[in-house]
Amino acid sequence: MASVTEFGFAFSSYFSFQRHTLLAPQSSSFIIKPSRIFARIKIHQNPSFIVTKQSKIREFRLFKSVELDQYLTSDDEDEMSEEFFEAIEELERMTREPSDILEEMNDRLSARELQLVLVYFSQEGRDSWCALEVFEWLKKENRVDKETMELMISIMCGWVKKYIEEERDVGDVVDLLVDMDCVGLKPGFSMIEKVISLYWEMGKKEGAVLFVKEVLRRGIAYAEDDKEGQKGGPTGYLAWKMMVEGNYRDAVKLVIHLKDSGLKPEVYSYLIAMTAVVKELNELGKALRKLKNYAKASLIAELDEKNVELVETYQSDLLADGARLSSWAIQEGGSSFYGVVHERLLAMYVCAGRGLDAERQLWEMKLVGKEADGDLYDIVLAICASQKEGSAVSRLLSRMEVMNSLRKKKTLSWLLRGYVKGGHFNDAAETLTKMLDLGLYPEYLDRVAVLQGLRKRIQQSENVEAYLKLCKRLSDTRLIGPCLVYLYIKKYKLWIIKML
């Protein structure tokens with residue numbers, strides 16, 4: 001008989017159908033922490049750990065025993081009523097539904113005894129489905145306190161862990177979660193995340209992917225802990241686990257693969273994957289800067305044309321993946337996701353050094369009411385300046401009209417550094433002069449960088465006017481002292497020396 005959970009409809013009593021026997025974990029130890037029981041469940045062949053009164057109702061079969069941190073001895077036997085053993089015997093006979101048996105003994109069993117019934121039927125070799133039946137009845141009777149909930153969650157986690165250790169089919173693990181939900185077991189955390197973590201911690205990463213696929217295929221409901229939807233659900237959580245280990249590309253591929261497979265990852269998983277794209281682009285940028293420094297130090301050869309093309313292709317593929325993810329997030333998430341999507345796109349294009357694309361995202365964010373931080377405007381301004389995108393620079397500088405002096409200096413410093421980065425030293429000199437005209441004194445290193453750049457250009461193009469003009473301006477504001485300017489005219493073999 002197929003599990004009733006596969007028919008997709010609710011039911012009040014599992015015993016209305018063919019009994020479904022659930023196999024409990026074999027001989028495994030795990031910690032349960034209710035304050036009154038505090039038991040470590042462990043299966044033993046020796047039944048001598050439980051000592052009870054001689055009674056005709058103790059004729060039921062005790063195949064194995066339960067080891068407790070505080071063993072039950074003859075001194076504690078008064079705590080165990082005759083009704084407790086009678087309930088165990090009746091439940092093991094399976095001649096009546098567990099709910100009928102427990103209903104009949106409702107007033108005669110203590111909360112502790114009901115907890116021990118759960119522990120008893122969770123052992124290997126017994127009909128552990130009874131444990132779920134008992135819990136379901138307790139839930140309906142409003143007799144599930146914090147201790148009982150912790151106990152049942154611990155039992156369920158132990159079953160799940162054992163399934164994973166035995167490499168059981170992921171379908172069986174999902175069935176167990178469905179059963180848990182049906183009996184009303186609602187832990188204060190996501191069991192789906194717990195299962196993914198168990199797979200991950202045991203090194204069964206492929207199993208985690210298959211588990212997520214099965215959850216999505218069945219459309220298992222996922223209760224988000226964060227009201228703002230900051231939990232990514234099974235897909236997002238698994239992608240996040242990959243990101244924590246630095247596998248950014250794998251996280252992106254996971255989300256795209258699930259989407260292309262016809263499944264429906266949760267919307268927030270697209271944003272997590274976009275974050276992974278940003279981190280991968282950032283790592284790529286770091287690696288390229290290291291290679292460039294090694295090449296300058298003559299430790300390695302510079303990248304040839306073929307390798308440069310491979311790097312550019314890899315970067316373009318990452319950006320294309322990010323664009324696809326952003327499109328899905330907007331399509332499925334609606335207008336509430338516009339701001340955060342454009343924010344991640346902005347981060348992507350900044351890391352990739354795409355000035356115009358980054359500028360467009362700044363205005364998109366502004367249109368949807370999510371104003372970007374002023375520092376982001378400055379960073380994009382510097383990128384556009386390095387690429388000498390004059391129109392974009394003019395648009396971004398229009399914000400300066402409402403800035404205070406300190407903010408203007410910061411923005412113009414970013415503009416100046418962008419020009420220096422791109423090798424546009426004449427533009428950098430003009431920016432430096434503009435700062436002086438506004439009474440804003442550039443940083444020392446910025447002044448030196450511009451002067452050194454202009455001096456190199458003199459040797460290349462013999463154009464000395466920009467250099468002399470800037471030196472004169474800096475001297476007038478007493479930012480540099482008197483200096484000698486040397487100029488050699490090769491045609492006439494003539495040196496010209498001028499005091500400035």
Side-chain angles (χ1 to χ4, degrees), residues 271 274-289 292 311-312 315-316 318-323 325-327 329-330 337-432 434-435 438 440 442-443 445-446 449-450 453:
L271 302 181
M274 290 182 72
T275 301
V277 171
V278 174
K279 289 184 174 292
E280 182 68 9
L281 287 168
N282 192 40
E283 291 299 315
L284 177 63
K286 288 180 182 178
L288 290 175
R289 286 192 291 273
K292 189 175 181 180
V311 171
E312 291 176 349
Q315 186 186 75
S316 297
L318 282 171
L319 291 172
D321 288 342
L325 291 163
S326 68
S327 177
I330 289 175
F337 280 79
Y338 287 173
V340 70
V341 167
H342 291 304
E343 186 177 46
R344 279 165 172 73
L345 285 171
L346 170 62
M348 281 169 44
Y349 292 128
V350 166
C351 288
R354 304 290 181 95
L356 290 179
D357 291 324
E359 188 218 0
R360 186 174 67 253
Q361 297 308 317
L362 285 174
W363 305 129
E364 292 280 2
M365 289 176 65
K366 193 176 184 69
L367 286 173
V368 299
K370 190 177 178 66
E371 183 76 31
D373 185 82
D375 290 339
L376 286 173
Y377 279 92
D378 291 341
I379 292 171
V380 175
L381 174 65
I383 294 173
C384 291
S386 69
Q387 297 165 354
K388 207 166 183 181
E389 298 288 352
S391 298
V393 168
S394 298
R395 288 190 294 269
L396 292 166
L397 284 178
S398 64
R399 301 173 57 254
M400 278 185 41
E401 297 176 4
V402 295
M403 292 180 182
N404 57 36
S405 296
L406 186 61
R407 187 71 225 182
K408 283 181 180 178
K409 179 181 177 181
K410 189 172 185 180
T411 296
L412 289 173
S413 296
W414 275 99
L415 176 63
L416 185 152
R417 293 162 190 166
Y419 282 133
V420 170
K421 177 74 174 177
H424 312 300
F425 292 102
N426 285 341
D427 296 302
E430 291 177 6
T431 302
L432 202 155
K434 183 177 181 178
M435 293 178 71
L438 293 171
L440 308 173
E443 299 295 333
L445 291 178
D446 292 337
V450 177

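Note that the numbering runs from 1 along the sequence shown for the chain.
- Between the side chain of Q387 and the backbone N or O of G353 there is at least one donor-acceptor pair closer than 3.5 Å.
- Y338 and E343 share no donor-acceptor pair across their side chains, judged by distance under 3.5 Å alone.
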Checklist entry - Could you go step by step and tell me if Y377 and E371 meet the side chain to side chain donor-acceptor pair (under 3.5 Å) rule? => result CA-CA 10 Å; Y377 279 92; E371 183 76 31; 2.9 Å; yes

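- Without hydrogens or angle criteria, S398 side chain to R395 main chain gives a donor-acceptor distance under 3.5 Å.
- The two residues A358 and L346 make their nearest non-hydrogen contact at O-CD1, 3.4 Å.
- Between L281 and L319 there is a side-chain heavy-atom pair separated by less than 4.5 Å.
- Here the shortest heavy-atom pairing between S316 and R354 reads OG-NH2, 3.7 Å.
- Side-chain atoms of S327 never come within 3.5 Å of backbone atoms of A323 as a donor-acceptor pair (strictly under, hydrogens ignored).
- Residues D378 and L396 form no side-chain contact, since every pair of their non-hydrogen atoms from C-beta on lies 4.5 Å or further apart.
- Taking each heavy atom of G355 and V380 in turn, the nearest pair found is O-CG1, 3.9 Å.
- Between D427 and K434 there is no salt bridge, since no side-chain N of the basic residue sits under 4.0 Å from a carboxylate O of the acidic one.
- For K388, the NZ atom sits in a loose shell: 12 or fewer heavy atoms of surrounding residues, nucleotides or ligands are nearer than 6.0 Å.
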Checklist entry - Are Y419 and V393 close enough, and set up right, to give a side-chain contact (heavy atoms from CB on, under 4.5 Å), and what steps lead you there? => result CA-CA 11 Å; Y419 282 133; V393 168; 4.0 Å; yes

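- Side chains of L345 and M274 form a contact here, defined as non-hydrogen atoms less than 4.5 Å apart.
- For the pair W414/I383, no side-chain contact is recorded, criterion being any heavy-atom separation below 4.5 Å from C-beta on.
- Contacts of K292 classified as salt bridge (Lys or Arg N to Asp or Glu O under 4.0 Å), with partners at least two apart in sequence or in another chain: none.
- Counting heavy atoms from C-beta on, the side chains of L438 and L412 come closer than 4.5 Å.
- Applying the side chain to side chain contact (heavy atoms under 4.5 Å, CB included) test between L397 and each of M400, E401, R399 identifies M400 as the sole match.
- Put simply, the side chain of L356 does not reach to within 4.5 Å of the side chain of Y349, judged on heavy atoms.
- Ion pair R417/D446 flagged as a salt bridge, since at least one NZ, NE, NH1 or NH2 atom sits closer than 4.0 Å to an Asp/Glu carboxylate oxygen.
- Of all heavy-atom pairs between P442 and M435, the closest is CA-CE, 4.0 Å.
- Inter-residue side-chain proximity for Q315 and L288 is flagged as unmet; no heavy-atom pair is nearer than 4.5 Å.
- For K409 and E443, the salt-bridge test passes: some basic side-chain N is under 4.0 Å from an acidic carboxylate O.
- Under the 3.5 Å distance criterion, with hydrogens and angles disregarded, a donor-acceptor pair is assigned to the side chains of T275 and R344.
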